[in-house]
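Contents: one structure, followed by commentary.
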Amino acid sequence: MDLSEYFQRIGFSGPFERPDLPTLRRLHRLHVMSVPFENLSLHCGEELSMDPLRVWDKIVRRGRGGWCFESGTLFLRVLSELGYRVTVLGSRVYSAHCRDYSPFENHVIGKVSVEGRDFIVDVSFGVSKQIWEPLELQSGKEQIQEPGVFTLTQTGDTWALEKTSRRPEVLTPGFEASGLVHVELARPLYRFTLEPRRPEDFAEVNERLQTDVASLFVNKSIASLQREGGVKALVGRVYSHVTYRPDLEHDLYEMREVPEAELEQLLMEEFHIRLNNRLRTPERKMLYSV
């Protein structure tokens, strides 16, 4: 990996002297502000590959985003290359549809040991559930970030991550009852153990989530990008612009339906994504909120 290419991709100008905590925080934040969480290739007739060279070309050189098996593993490889002590972990995402955690590990995160402490890094969860900076691996500690309050809780060998949000205030008439607006303020995100994994351990689930008719990613085309002050997301043909109000008790939601003919232009303007093939957005119903 030519790390200068990656640094240019996320807007990191250095300096980098050693693998310390301030640099880790800055890299994490810059990554989520620059690399969209998205599965659009799947809905353009393309494969979501975990091959490191293809992921590097897609995200770093072509300016695309990816899901956790692409963007998340890329970030962990970069940290390892920089000298950080990185452990790849697998987590089980909470399903609002099933009201339970996945029966298998369907999300990649990482543990980074730096300056005598352990942190969870995760740059590819997307939408308003995305952490902006690493979370200290400490049970019961409320960790406040712009998107909300994140809390890790340990029960035996298992850790769980929960987010407490502010109340959503929808500014666009007609979208107040949209399923894309999450009204429960406290919500579980995922749970995990500290048992080490390898990126290649997720090859099977990477394929499964692209082909299973019950997969969220088969049923929804998703793109989201963190921005200073909030997050923007395109789910199907609905574009959402969320403004965080950490000084108040509510966040602002602006939402609109995007005509199919305008999707390509919106993706370039708001997410800096240029697709090679035509996007076909599925219209299947499945619980998912921004």
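These numbers were taken from a predicted model, which means no experiment stands behind them.
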Does any non-hydrogen side-chain atom of V123 lie less than 4.5 Å from one of V35? no
pair F69-L48: side-chain heavy atoms closer than 4.5 Å: no
Quick check: H28 with F75 (ring centres under 6.0 Å apart)? yes
Applying side-chain contact (heavy atoms from CB on, under 4.5 Å) between V112 and each of L79, T87, L21, report the one that passes. L79
Criterion salt bridge (charged side-chain N to carboxylate O under 4.0 Å, His left out) against E184, the qualifying member of K163, R99, R167: R99
Residues K232, E254: salt bridge by 4.0 Å N-O rule: no
Is R208 positioned over the aromatic face of F104, cation under 6.0 angstrom from the ring centre and no more than 45 degrees off axis? yes
Separation of E169 CD from L252 CG (nearest 0.5 Å): 5.5 Å
Would you check if F202 and T73 make a side-chain contact, meaning some heavy-atom pair closer than 4.5 Å? no
Any chance the rings of F125 and Y190 have centres within less than 6.0 Å? yes
Any donor-acceptor pair under 3.5 Å from R187 side chain to A96 backbone: no
Which atom of S41 lies closest to which atom of R64, heavy atoms considered: OG-NH2, 3.0 Å
State, yes or no, whether a side-chain contact exists between L216 and V93 at a heavy-atom distance under 4.5 Å. no
Hey, does V235 have a side-chain heavy atom less than 4.5 Å from the side chain of S240? no
List for me each residue that meets salt bridge (Lys or Arg N to Asp or Glu O under 4.0 Å) alongside E46, sequence neighbours excluded, and say none if there are none. none
NZ/NE/NH1/NH2 to OD/OE distance under 4.0 Å, R54 and E47: yes
Is atom CD of Q265 surrounded by more than 12 heavy atoms (other residues, nucleotides or ligands) closer than 6.0 Å? no
For E133, run the side-chain contact (heavy atoms from CB on, under 4.5 Å) check against Q143, R26, R29, E146 and tell me which one passes. R29
Could you tell me whether the side chain of V218 reaches within less than 4.5 Å of the side chain of D212, counting heavy atoms only? no
Counting only heavy atoms not in R227, do more than 12 fall under 6.0 Å of its CZ? yes
Is W67 reachable from L267 through a run of I, L, V, M, F, W or Y residues, each pair having side-chain heavy atoms under 4.5 Å apart? no
In the structure I gave you, are the side-chain heavy atoms of R197 and L89 within less than 4.5 Å of one another anywhere? no
Does the pair Y253 and H182 meet the rule for a side-chain hydrogen bond (donor to acceptor under 3.5 Å, both in side chains), with working shown? CA-CA 11 Å; Y253 283 63; H182 195 94; over 6 Å; no
With a 4.5 Å limit on heavy-atom distance, are the side chains of F37 and V32 in contact? no
Determine whether L27 and L82 satisfy the following criterion, side chain to side chain contact (heavy atoms under 4.5 Å, CB included), listing intermediate values before the conclusion. CA-CA 11 Å; L27 290 171; L82 288 171; 3.6 Å; yes
